Asks: 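Following this message is one structure expressed as structure tokens.
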Amino acid sequence: MPSVDLLPLTGWPFDLDSTLQSGQVFHWHPHRGGWAGLIGDVPVWISQPQPNLLHCTGGRGPLISQYLGLDHDLTSLTASFPPQDQPLQRAIAWCPGLRILRQPAWECLASFITSSLKQVPHIRKISLTLRERFGHPAPAADLPPQWTYPTPEALAQAGEAALRDCGLGYRAAFLHRTACDIAGGHFDFAGIARLPDEAARTALCQLHGVGEKIANCALLFGWQRLAAFPVDVWVERVLRQLYFAGNPDIKAKTLRDFARTHFGPAGGYAQQFLFHHARLAGALDRMATAR
DNA sequence: TTCCAGGCCCATG
DNA sequence: CATGGGCATGGA
């Protein structure tokens with residue numbers, strides 16, 4: 001038997017299953033009562049046999065703790081939310097163990113470029129196909145076959161047609177052009193980490209296929225900018241219905257401005273709680289807002 | 001069959 | 001600045 005690390009959990013709840021299935025990340029597989037996946041190029045296995053305990057691949061406890069954001073102080077972060085915000089408090093109470101991951105920035109950004117106008121299961125399929133065709137194998141004893149996320153160089157080399165052949169549709173051109181910009185040294189990808197949020201968002205939006213929403217996803221999940229607040233179709237419905245009485249005349253820009261100012265420095269966490277609750281708990285009356 | 005999905009680009013007012 | 005059409009693909 002391979003060795004196993006034990007990670008005791010204390011304080012604020014943590015929910016491994018919900019976190020790995022929350023639409024932040026797209027490559028984890030159910031395996032032996034837990035999850036198999038890669039953190040960067042490191043194959044790992046994680047399970048949560050009890051609410052207050054994780055088991056994981058021996059020797060990988062520190063890496064996994066970092067990836068899962070186990071150090072995030074949710075007590076403080078949630079205390080920074082606006083008081084008396086009932087919709088947000090309900091969403092937190094519904095799944096308090098949801099955590100924002102620390103993903104490798106490139107695979108996060110690239111995955112979200114392939115996400116536009118797609119449902120989570122299909123984003124996942126695209127991600128796994130790209131890995132298998134253009135990544136490299138990362139074998140590990142007792143784990144299923146896995147492949148790393150392809151580098152910008154590998155995707156640039158692959159060519160747009162080969163990407164399109166992975167089911168990307170019109171997103172193939174976006175992903176290919178972005179990969180070429182980064183691989184060719186025309187975009188300072190490493191420099192994003194040194195920029196303040198607003199400048200980083202502006203820079204990312206210069207990449208093809210990256211608008212405000214995808215930039216915010218990448219900043220939140222890939223660069224740990226916890227104030228970044230992605231507004232997708234779900235969150236737009238949440239904001240409109242729960243904070244603007246379902247008024248269909250409220251403009252999208254008004255909703256984005258509200259989100260940025262209302263939720264504060266940990267707004268990204270608020271967004272994840274609201275998104276997760278809306279998507280999985282049926283918290284919204286979709287008919288009322290569908291027009 | 002029709003509608004929609006963790007949007008973005010680009011052409012018009 | 002803001003609005004609307006178009007876009008590839010697949011599942012409900």
Side-chain angles (χ1 to χ4, degrees), chain A residues 18-28 91 95 98 100-101 103 107-130 159-181 187 201-223 225 228-241 248-257 259 263 267-291:
Chain A
S18 296
T19 296
L20 293 183
Q21 296 183 92
S22 62
Q24 297 179 56
V25 68
F26 306 98
H27 70 286
W28 290 85
C95 185
L98 191 63
I100 288 177
L101 302 169
Q103 296 184 51
E107 69 178 61
C108 179
L109 175 64
S111 295
F112 277 96
I113 288 175
T114 68
S115 78
S116 87
L117 226 35
K118 279 291 181 194
Q119 299 177 117
V120 170
H122 196 231
I123 302 167
R124 173 184 172 78
K125 191 156 92 178
I126 288 171
S127 174
L128 293 173
T129 303
L130 289 172
E160 181 185 328
L163 300 186
R164 190 170 284 264
D165 196 46
C166 298
L168 272 76
Y170 63 86
R171 304 160 196 80
F174 293 164
L175 183 59
H176 187 245
R177 283 180 62 172
T178 289
C180 288
D181 284 348
F187 184 88
R201 180 163 31 247
T202 302
L204 287 172
C205 285
Q206 292 177 325
L207 291 167
H208 227 66
V210 180
E212 191 169 349
K213 188 269 173 182
I214 288 174
N216 279 327
C217 283
L219 287 170
L220 180 58
F221 307 135
W223 276 281
R225 306 302 178 93
F229 194 103
V231 178
D232 63 14
V233 291
W234 287 98
V235 174
E236 184 170 331
R237 282 185 205 131
V238 170
L239 296 179
R240 189 184 308 280
Q241 184 168 322
D249 298 326
I250 300 292
K251 307 288 185 197
K253 181 177 182 344
T254 304
L255 296 175
R256 290 198 305 274
D257 291 345
F263 293 103
Y269 255 107
Q271 189 272 4
Q272 274 304 284
F273 286 121
L274 290 168
F275 171 77
H276 192 67
H277 186 224
R279 193 167 73 94
L280 297 183
L284 295 177
D285 176 2
R286 287 212 261 167
M287 292 304 98
T289 56
R291 253 173 289 189

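Remember, it's a predicted structure, so these values are computed and weren't measured experimentally.
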Asks: Is there aromatic stacking of A:Phe112 on B:dG6 here, judged by a ring-centre distance under 5.5 Å and a plane angle under 30°?
Replies: no
Asks: Mind checking A:Ser111 for me? I need base, sugar-phosphate or nothing, with any heavy atom below 4.0 Å counting as a touch.
Replies: nothing
Asks: Rounding to a whole Å, what distance do you find between A:Leu239:CG and B:dG6:C1'?
Replies: 13 Å
Asks: Mind checking if A:Leu207 touches a base, just sugar-phosphate, or nothing, with heavy atoms under 4.0 Å?
Replies: sugar-phosphate
Asks: Going 5' to 3' on DNA chain C, which nucleotide is the first and which the last to come under 4.0 Å of a heavy atom in chain A?
Replies: C:dA2 to C:dG11
Asks: Under the rule for salt bridge (charged side-chain N to carboxylate O under 4.0 Å, His left out), what residues qualify as partners of A:Lys125, not counting sequence neighbours?
Replies: none
Asks: Using the P atom as the reference point in each nucleotide, state the distance between C:dG5 and B:dG6 in Å, no decimals.
Replies: 23 Å
Asks: Just jot down the side chain to side chain donor-acceptor pair (under 3.5 Å) partners of A:Gln24, sequence neighbours excluded, or say none.
Replies: A:Ser22
Asks: Mind checking side chain to side chain donor-acceptor pair (under 3.5 Å) for A:Arg201 and listing every partner two or more places apart, or none if nothing turns up?
Replies: A:Glu198, A:Asn216
Asks: Choosing from B:dC4, B:dC9, B:dG6, which nucleotide comes nearest the side chain of A:His208?
Replies: B:dC9
Asks: Identify, with sequence neighbours excluded, every residue that meets side chain to side chain donor-acceptor pair (under 3.5 Å) alongside A:Ser116.
Replies: A:Tyr170
Asks: List in chain and number order the residues that pass salt bridge (charged side-chain N to carboxylate O under 4.0 Å, His left out) with A:Asp165, two or more places apart in sequence or in another chain; answer none if no residue qualifies.
Replies: A:Arg133
Asks: Represent DNA chain C in dot-bracket notation, 5' to 3'. Only Watson-Crick or G-U wobble pairs with both distances under 3.5 Å count; pseudoknot-style crossings use [ ] and interstrand partners use |.
Replies: |||||||.||||
Asks: List in numerical order all residues of residues 117-127 of chain A for which some heavy atom is under 4.0 Å away from an atom belonging to DNA chain B.
Replies: A:Leu117, A:Lys118, A:Gln119, A:Val120
Asks: Under 4.0 angstrom, heavy atoms only, what part of the nucleic acid is A:Gly23 near: base, sugar-phosphate, or nothing?
Replies: base
Asks: Mind checking side chain to side chain contact (heavy atoms under 4.5 Å, CB included) for A:Val233 and listing every partner two or more places apart, or none if nothing turns up?
Replies: none
Asks: Which residues satisfy the side chain to side chain contact (heavy atoms under 4.5 Å, CB included) test with A:Ala91, sequence neighbours excluded?
Replies: A:Phe273, A:Leu274, A:His277
Asks: Check every strand shown and say whether A:Val231 touches a base, only sugar-phosphate, or nothing at a heavy-atom separation below 4.0 Å.
Replies: nothing
Asks: Give a yes or no on whether a donor-acceptor pair under 3.5 Å exists between the nucleobase atoms of B:dG6, that is its base, and the side chain of A:Gln272.
Replies: yes
Asks: Who pairs with A:Arg279 by salt bridge (charged side-chain N to carboxylate O under 4.0 Å, His left out), at least two apart in sequence or on another chain?
Replies: none
Asks: Can you sort out which residues in residues 161-176 of chain A have a heavy atom within less than 4.0 Å of DNA chain B? Ascending by number, please.
Replies: A:Tyr170, A:Phe174
